[in-house]
S.K.: 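After the structure tokens below, expect a handful of questions from me.
One is the number of the first residue; the rest follow in order along the sequence. Everything numeric here is computed off the predicted structure, so don't read it as measured data.
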Amino acid sequence: MCQLLAMNSSKPAALGFSFAGFAERGGRTGEHKDGWGIAFHTDTGCRLITDHLASIDSPLAAELKRQPIKARNIVAHIRKATQGRVALENSHPFARRLWGQTWSFAHNGDLGQFAPPPGAYHPAGDTDSEKAFCHLLSGLLQRFPHGQPARHLLYAALLELAGAVAAHGSFNFLLSNGALMFAHCSTSLHYVLRAYPFSVARLIDCDLSIDFRQHNHLDDRIAVIATAPLTSDEPWQAFAPGELRLFVAGQAVASPAAPEPSTRRLRFAIC
């Protein structure tokens, strides 16, 4: 299966440390050699980088380790092909425009013979993953044709759509529009919240550690999501099968399925 990695942060942040360990799983500590990619959601839009090479052999991946890009939301993926050719158009993340925003998506799993009906979005490649992404966005557009709905309505719709797709196989995925980060688990997904007081962390996949106290401020909050924990000494939490979580400004939103009481109160609770 493929490997997923995401970051959701209260401020623009670099994913360099986590990406260094994650990239090792693309051919050195893992067998995921069939391409990789990463989407950066910044204030100027979404920058998408994909490669058909294994991440351990990719000059692009090496450059990102040396000069990581800062963003508030990042979605990354390393691929082990189960459906679709090893080709650039089949490398995740995928990106599409919806409600005037760019949404990025990456999937881990195998959806078998999943064949959704034609919708407003169409895949450019031949993976089950991109079919599922297009199906999700088509379903959201059909439900909310006039623009992005309130957060609790968006969450409920995604949960329903994801459940229907997951009936065809394993459907672990990451989905972001640059402000919201959704993460859905079928089989394996974990997250860790990094905030004050920060500590030292050591990667599992390579001999590298970092003292986050030297790099972060008191009000920094960062959520990192991965298929399997990246560090050996942080309190990673496992998702439950079938669980959809929403992360905003570096925090897990407690009850996104409930109506939002007010803009003022919501900002106080999350930010």
Side-chain angles (χ1 to χ4, degrees), residues 2 4-9 12-13 15 35-52 60 64 69-77 79 83-84 87-108 111 114-162 164-165 171-184 225 244-249 253 256 260:
C2 306
L4 300 172
L5 172 66
M7 183 195 74
N8 170 264
S9 177
L15 193 63
W36 71 278
I38 190 166
F40 299 93
H41 291 270
T42 68
D43 292 340
T44 58
C46 179
R47 178 178 178 183
L48 182 64
I49 299 172
T50 57
D51 197 344
H52 68 285
L60 285 172
L64 281 177
I69 297 171
K70 290 187 176 183
R72 283 189 171 88
N73 283 271
I74 300 175
V75 173
H77 181 274
R79 184 177 184 228
Q83 295 191 37
L88 190 60
E89 61 266 28
N90 288 333
S91 295
H92 309 215
F94 306 106
R96 295 288 193 283
R97 297 283 291 177
L98 172 65
W99 303 318
Q101 306 161 4
T102 299
W103 293 75
S104 64
F105 171 91
H107 166 231
N108 163 22
L111 295 172
F114 176 63
Y121 294 85
H122 309 281
D126 50 9
T127 65
D128 54 339
S129 305
E130 193 179 13
K131 291 178 186 176
F133 177 39
C134 292
H135 179 66
L136 289 181
L137 293 192
S138 294
L140 291 176
L141 182 60
Q142 183 179 34
R143 286 164 171 77
F144 310 108
H146 303 298
Q148 183 173 326
R151 187 180 298 169
H152 69 287
L153 296 176
L154 177 58
Y155 176 91
L158 268 175
L159 185 61
E160 178 186 353
L161 288 165
V165 175
F171 195 39
N172 307 292
F173 73 77
L174 303 167
L175 176 69
S176 179
N177 67 345
L180 311 176
M181 178 70 71
F182 291 96
H184 180 267
I225 307 143
L244 176 68
R245 280 191 171 270
L246 170 61
F247 298 85
V248 180
V253 178
E260 299 153 20

S.K.: Is D51 close to S91 at the side-chain level, that is, under 4.5 Å between some pair of heavy atoms?
M.R.: no

S.K.: Can you give me the closest heavy-atom contact between R96 and P123, atom names plus distance?
M.R.: NH2-CA, 3.7 Å

S.K.: Which residues pass the side chain to side chain donor-acceptor pair (under 3.5 Å) test with H41, not counting sequence neighbours?
M.R.: S104

S.K.: According to side-chain contact (heavy atoms from CB on, under 4.5 Å), who are the partners of T127, at least two apart in sequence or on a separate chain?
M.R.: R79, N90, F94, S129, E130

S.K.: Who are the side-chain contact (heavy atoms from CB on, under 4.5 Å) partners of Q148, not counting sequence neighbours?
M.R.: W99, Q101, W103, L154, N177, L180

S.K.: Is the shortest side-chain heavy-atom distance between H107 and D128 below 4.5 Å?
M.R.: yes

S.K.: Please enumerate all residues that pass side chain to side chain donor-acceptor pair (under 3.5 Å) together with T102, with sequence neighbours excluded.
M.R.: R97

S.K.: Mind listing the closest non-hydrogen atom pair of A157 and L140 along with its distance?
M.R.: CB-CD2, 3.9 Å

S.K.: Determine whether E89 and T50 make a side-chain contact, defined as any pair of heavy atoms from C-beta on separated by less than 4.5 Å.
M.R.: no

S.K.: Sequence neighbours left out, what passes ring pair (Phe, Tyr, Trp, His ring centres under 6.0 Å) with F40? Give chain and number order.
M.R.: none

S.K.: Can you confirm whether L111 sits close enough to K131 that some side-chain heavy atom of one is under 4.5 Å from a side-chain heavy atom of the other?
M.R.: no

S.K.: Kindly write out the residues that satisfy side-chain contact (heavy atoms from CB on, under 4.5 Å) with A120, not counting sequence neighbours, or none if the list is empty.
M.R.: S138, L141

S.K.: Nearest 0.5 Å, what's the CG-CG distance between L98 and L137?
M.R.: 5.5 Å

S.K.: How would you list, by chain and number, every residue that makes a salt bridge (charged side-chain N to carboxylate O under 4.0 Å, His left out) with R47, sequence neighbours excluded?
M.R.: none

S.K.: Tell me every residue that passes ring pair (Phe, Tyr, Trp, His ring centres under 6.0 Å) with F105, counting only those two or more places apart in sequence or in another chain.
M.R.: F133, F173

S.K.: Go through the structure and list residues passing side-chain contact (heavy atoms from CB on, under 4.5 Å) with A13, not counting sequence neighbours.
M.R.: M7, S9, I222

S.K.: Would you please name every residue forming a ring pair (Phe, Tyr, Trp, His ring centres under 6.0 Å) with H52, sequence neighbours left out?
M.R.: none

S.K.: So how far is it from L175 CG to N73 CG, rounded to the nearest 0.5 Å?
M.R.: 10.5 Å

S.K.: Distance check, rounded to the nearest 0.5 Å: L158 atom CG versus L246 atom CG?
M.R.: 9.5 Å

S.K.: List the steps, then state whether side-chain contact (heavy atoms from CB on, under 4.5 Å) holds for R72 with T42.
M.R.: CA-CA 6 Å; R72 283 189 171 88; T42 68; over 6 Å; no

S.K.: Report the residues that fulfil ring pair (Phe, Tyr, Trp, His ring centres under 6.0 Å) with Y121, sequence neighbours left out, ordered by chain and then residue number.
M.R.: none

S.K.: Out of curiosity, F182 CZ to L136 CG, how far, rounded to the nearest 0.5 Å?
M.R.: 11.0 Å

S.K.: To the nearest 0.5 Å, how far apart are CG in L5 and CD1 in I38?
M.R.: 7.0 Å

S.K.: Of all the heavy-atom pairs spanning I225 and A183, show the shortest one and how long it is.
M.R.: CG2-CB, 4.3 Å

S.K.: Checking H184 side chain against F171 main chain: does a donor-acceptor pair fall under 3.5 Å?
M.R.: yes

S.K.: Out of curiosity, N8 CG to L174 CG, how far, rounded to the nearest 0.5 Å?
M.R.: 11.0 Å

